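The model shown is predicted, which means the values in this text are computed figures rather than measured ones. Keep in mind that the numbers below use all heavy atoms, side chains included, and drop hydrogens, waters and symmetry copies.
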Amino acid sequence: MVATAISTAVFAVIVLPVPPVLPSSDVGWTYGVSTNSGESLGRPQLVGTVRQVWTGLPARQRANAVIFTADYGEAGALDELGRGTGLPTAVSSHHTDGWWGPGHPHATTVVAVAPGPGRMPGYEDDLRRNFRHVRVAAALLNPDGVRNVEWGGHVYVCTGPRRPWGGMWRDLRNYT
């Protein structure tokens, strides 16, 4: 029974998304074994960073803006943890999230959330091909330096779309 209890506790920390229960310093090591627990590390900081960039935009610019994430997990985190914070629903072109569409199809500003460089190589180049002005507004980190998907990523503010946001949506879809 003791062995079963110990192995169940270790297995739960490795497989289940427990960071809200345990400090990230206690579960960061599990990311090397299973990415499930590590993916949710730093999500409150992700939401806070995106919110800071979003609220830093002038109100008139926010009225014609969307939050676009390269990864469906980031969109989900922003939508769930960002609820009630003034953030709009995030859109993502990743996997089946892309079927929900671009949000505001006539947006002229896109707050783009990109994971670390190893996860989506060429993402910034794609933004630059589609927008005249792309600037890094914030870096993405997480507590205790766990190098998960967001580690080393950025939040960009993109303006001057080269074609309508809704029109470029199909080209931004990604299934990797």
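Two residues are said to be in side-chain contact when any heavy atoms from C-beta on lie closer than 4.5 Å; Cys158 and Leu127 meet this criterion. Looking at Ser93 and Phe68, their side chains come closer than 4.5 Å, going by heavy atoms from C-beta outward. No side-chain heavy atom of Val155 sits less than 4.5 Å from a side-chain heavy atom of Trp54. For the pair Leu46 and Val113, the minimum side-chain heavy-atom distance is below 4.5 Å. The closest side-chain heavy-atom distance from Val111 to Tyr156 is not below 4.5 Å. At a threshold of 4.5 Å between non-hydrogen side-chain atoms, the residues Leu140 and His154 do not count as touching.
A distance-only check finds a donor-acceptor pair linking the side chain of Arg62 to the backbone of Leu57 [under 3.5 Å]. For Trp165 (side chain) and Pro102 (main-chain N/O), a donor-acceptor pair under 3.5 Å exists by modelled atom type. Thr69 contributes no side-chain N or O that, together with a main-chain N or O of Glu74, makes up a donor-acceptor pair within less than 3.5 Å. Side chain of Arg51 to backbone of Thr85: a donor-acceptor contact under 3.5 angstrom is found.
Note that the CG atom of Leu87 and the CG atom of Leu78 stand 6.5 Å from one another [nearest 0.5 Å].
Evaluation of the side chain to side chain contact (heavy atoms under 4.5 Å, CB included) rule for Arg132 yields Arg162 as partners, not counting sequence neighbours. Take Pro161 and apply the side chain to side chain contact (heavy atoms under 4.5 Å, CB included) test, not counting sequence neighbours, and it matches Phe131, Met168.
In Gln61, the CD atom is crowded: over 12 heavy atoms of neighbouring residues, nucleotides or ligands sit closer than 6.0 Å.
Residues Ala70 and Ala114 approach most closely at CB-CA, 4.4 Å, considering heavy atoms.
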